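One structure below.
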Amino acid sequence: MTALKNDRFLRALRREPVDRTPVWLMRQAGRYLPEYRATRKQAGSFLAMAKNPDLACEVTLQPLRRFDLDAAILFSDILTIPDAMGLGLYFVEGEGPKFERTVRSAEVAAKLSVPDMETELRYVMDAVRVIRRELDGKVPLIGFSGSPWTLACYMVEGGGSKDFARIKALAHNDPATLHRLLSVNTDAVIAYLSAQRAAGAQALQVFDTWGGVLSPAMYREFSLPYLQRIAHGLERGDDAERTPLILFGKGNAAYLEDLAASGAEGVGVDWLVELGEAARRTGGQVALQGNLDPATLYGSPDAIRRQVRHALDSYRDGNNGSRDGHVFNLGHGMSPDMDPEHVGVLVDEVHAYSAR
Ligand code: 1CP
């Protein structure tokens, strides 16, 4: 494989010095780009695009052609795992993902098993291989998965949810069944991330998007232990060759110390916590990724630059005056109505202001 031409992102995750703070954006490939909408139209649907390695590669690379991003993220979705478990993923226009079958009983949960990565999820591994080849060492490629809890939310609810009523009812009424589901999901996530690593992913991120909807006691029972199992159980090599793992969570501010002690190399945080405070509380144990409010992109270029500088300085102030160990990102994903030009302003300001 060709050597990496830009390894800022991987160096920052190792907390090594870099010339500029690296930056990538969650959902950097997506409907806010006209070229994405064109490819999606050509594919016919989101799923057809995600299941075609060449088209998945094309949309992965689109934001990198426009912006000076320091990492690429595999174009796929977290719901590939439950789909491969047989739940039947489909999309309703304007309503998001849905499942034909749900998991709400002990009987159904008992039948779930870890899908085979090189058959049922081969299209994901093929996409990773094609993207690595086409990137040709430009920047590292991030592979990803949903967290066991976040996947379970969709598997129990049968789609997105506002109140998470069904999965919370299951947690209260039949916790053993939910634990069984979380346990299979954990094994599947470990196998999925391992397979992406073997196919060429150079960093791995777990999205615990819905961990923050749990009370602290329930987070500590239903989400955190499974994230810890992944951080411990996922084989990812040694020292400089180690494939870093980032645990991102929305609403995870209360748990930063636990996440930093989990064994992961990086923790991704949302915008409800000051990065400086997050840095002080994690004390250099991990790299931190974040944490601009995505809605900042609705602001003017000047407002965006101001907020970028604030996040960079907040991190530095909480990290003993050093910018090392920071990966700049949003605190959550981008939205389809955001202005691509504003993304360019953000990325360039991160690099210009953090130059050292
Ligand atoms: O084109 C379209 O209309 C489909 C919209 C879309 C896109 C662009 C979906 C459906 N998934 C994706 C891609 C995607 N999903 C990526 C691509 C890589 C990138 O970041 O550029 C990633 C990392 C995801 C991960 C994902 N999917 C998460 C975790 C991250 C997050 O944003 O919190 C979640 C919760 C999902 C579920 C999902 N898939 C799609 C939608 C619209 C949703 C959210 C539904 C909901 O609100 O519950």
Side-chain angles (χ1 to χ4, degrees), residues 77-89 95-115 144-193 205-234 247-264 267-270 272-273 332-333:
D77 198 79
I78 63 166
L79 302 177
T80 50
I81 288 181
D83 185 44
M85 286 176 172
L87 299 195
L89 175 64
E95 279 183 53
K98 299 244 186 284
F99 284 111
E100 283 162 25
R101 289 167 286 281
T102 55
V103 184
R104 294 178 190 166
S105 67
E107 293 69 36
V108 175
K111 288 197 191 115
L112 294 173
S113 61
V114 176
F144 71 91
S145 170
S147 72
W149 163 257
T150 293
L151 293 176
C153 287
Y154 290 94
M155 296 166 82
V156 174
E157 299 290 336
S161 179
K162 282 194 171 67
D163 54 11
F164 300 89
R166 292 185 184 93
I167 192 166
K168 287 186 179 180
L170 188 66
H172 293 298
N173 299 337
D174 188 2
T177 292
L178 182 53
H179 279 298
R180 151 81 199 165
L181 170 56
L182 293 166
S183 189
V184 186
N185 284 356
T186 303
D187 293 340
V189 167
I190 291 173
Y192 191 52
L193 293 175
Q205 176 158 319
V206 172
F207 288 87
D208 190 27
T209 304
W210 304 123
V213 305
L214 289 166
S215 68
M218 287 180 72
Y219 178 85
R220 291 180 188 286
E221 178 171 356
F222 296 108
S223 188
L224 182 62
Y226 298 99
L227 295 172
Q228 291 166 330
R229 232 172 87 188
I230 295 165
H232 282 281
L234 180 64
L247 300 178
F248 164 76
K250 254 206 102 220
N252 65 5
Y255 317 111
L256 296 177
E257 290 84 354
D258 301 279
L259 294 167
S262 68
V267 172
V269 297
D270 71 15
L272 298 184
V273 61
H332 196 199

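Just so it is clear, the structure is predicted and the values come from calculations on it, not from any experiment.
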Query raised in the report: Which heavy atom in E157 sits nearest to a heavy atom in I167, and how many Å separate them?
Result: OE2-N, 2.9 Å
Requested in this report: Output, in order, the C-alpha distance, side-chain angles, deciding distance and verdict of side chain to side chain contact (heavy atoms under 4.5 Å, CB included) for M155 and L181.
Outcome: CA-CA 9 Å; M155 296 166 82; L181 170 56; 3.6 Å; yes
Query - Partners meeting side chain to side chain donor-acceptor pair (under 3.5 Å) with Y219 (sequence neighbours left out) - result: none
Report task. Starting from the C-alpha separation in whole Å, work towards a yes-or-no answer on side chain to side chain donor-acceptor pair (under 3.5 Å) for T80 and Y192. Result -> CA-CA 10 Å; T80 50; Y192 191 52; 2.8 Å; yes
Query raised in the report: Taking all non-hydrogen atoms of both residues, which atom of I81 and which atom of S145 are closest, and how far apart?
Result: CD1-OG, 4.0 Å
Query raised in the report: At what distance, to the nearest 0.5 angstrom, does CD of E221 lie from CH2 of W149?
Result: 10.0 Å
**Report entry** Closest heavy-atom pair and its distance - T102, V108
**Finding:** O-CG1, 3.7 Å
Query - Qualifying residues under salt bridge (charged side-chain N to carboxylate O under 4.0 Å, His left out), relative to D187, sequence neighbours excluded - result: R229
**Report entry** Side chain R180, main chain L112, donor-acceptor under 3.5 Å
**Finding:** yes
Query raised in the report: Tell me the side chain to side chain donor-acceptor pair (under 3.5 Å) pairs involving residues 209-218, sequence neighbours left out?
Result: Y154-W210
Query - Closest non-hydrogen atom pair between V189 and I230, with its separation - result: CG1-CD1, 3.6 Å
Query raised in the report: Say you draw a straight line from CG of D77 to CG of D83; how long is it, rounded to the nearest 0.5 Å?
Result: 10.0 Å
Query raised in the report: Between atom CZ of F222 and atom CG of L182, what is the distance when rounded to the nearest 0.5 Å?
Result: 7.5 Å
Query raised in the report: Measuring from I78:CD1 to F144:CZ, what's the distance to the nearest 0.5 Å?
Result: 8.0 Å
Query - Closest approach of L151 to P82 (non-hydrogen atoms, all atoms of both residues) - result: CD2-CD, 4.0 Å
Query raised in the report: Could you go step by step and tell me if D208 and S223 meet the side chain to side chain contact (heavy atoms under 4.5 Å, CB included) rule?
Result: CA-CA 8 Å; D208 190 27; S223 188; 2.9 Å; yes
Requested in this report: Apply the test salt bridge (charged side-chain N to carboxylate O under 4.0 Å, His left out) to residues D163 and K168: give CA-CA distance (whole Å), side-chain angles for both, the deciding distance (0.1 Å), then the verdict.
Outcome: CA-CA 9 Å; D163 54 11; K168 287 186 179 180; over 6 Å; no
**Report entry** Value rounded to 0.5 Å, distance of CZ in F207 from OG in S147
**Finding:** 11.0 Å
Query - Parallel, tilted or perpendicular, as decided by the 30° and 60° cut-offs, for the rings of F248 and H332 - result: parallel
**Report entry** Minimum-distance pair of heavy atoms, taken over all atoms of G158 and R104
**Finding:** N-NH2, 4.5 Å
Report task. For S262 and L227, run side chain to side chain contact (heavy atoms under 4.5 Å, CB included): C-alpha distance rounded to whole Å, both residues' side-chain angles, the deciding distance at 0.1 Å, then the answer. Result -> CA-CA 8 Å; S262 68; L227 295 172; over 6 Å; no
Query raised in the report: Any donor-acceptor pair under 3.5 Å linking the side chain of D270 with the backbone of K250?
Result: no
Report task. Decide yes or no on side chain to side chain contact (heavy atoms under 4.5 Å, CB included) for N185 and M85, but give the supporting numbers first. Result -> CA-CA 10 Å; N185 284 356; M85 286 176 172; 3.7 Å; yes
Query raised in the report: Hey, what do you get for CG (L87) to NZ (K98), rounding to the nearest 0.5 Å?
Result: 14.5 Å
**Report entry** Side-chain heavy-atom pair V206, T150 within 4.5 angstrom cut-off
**Finding:** no
Query raised in the report: Under the side chain to side chain donor-acceptor pair (under 3.5 Å) criterion, do S183 and T186 qualify, and how do the steps go?
Result: CA-CA 5 Å; S183 189; T186 303; 5.8 Å; no
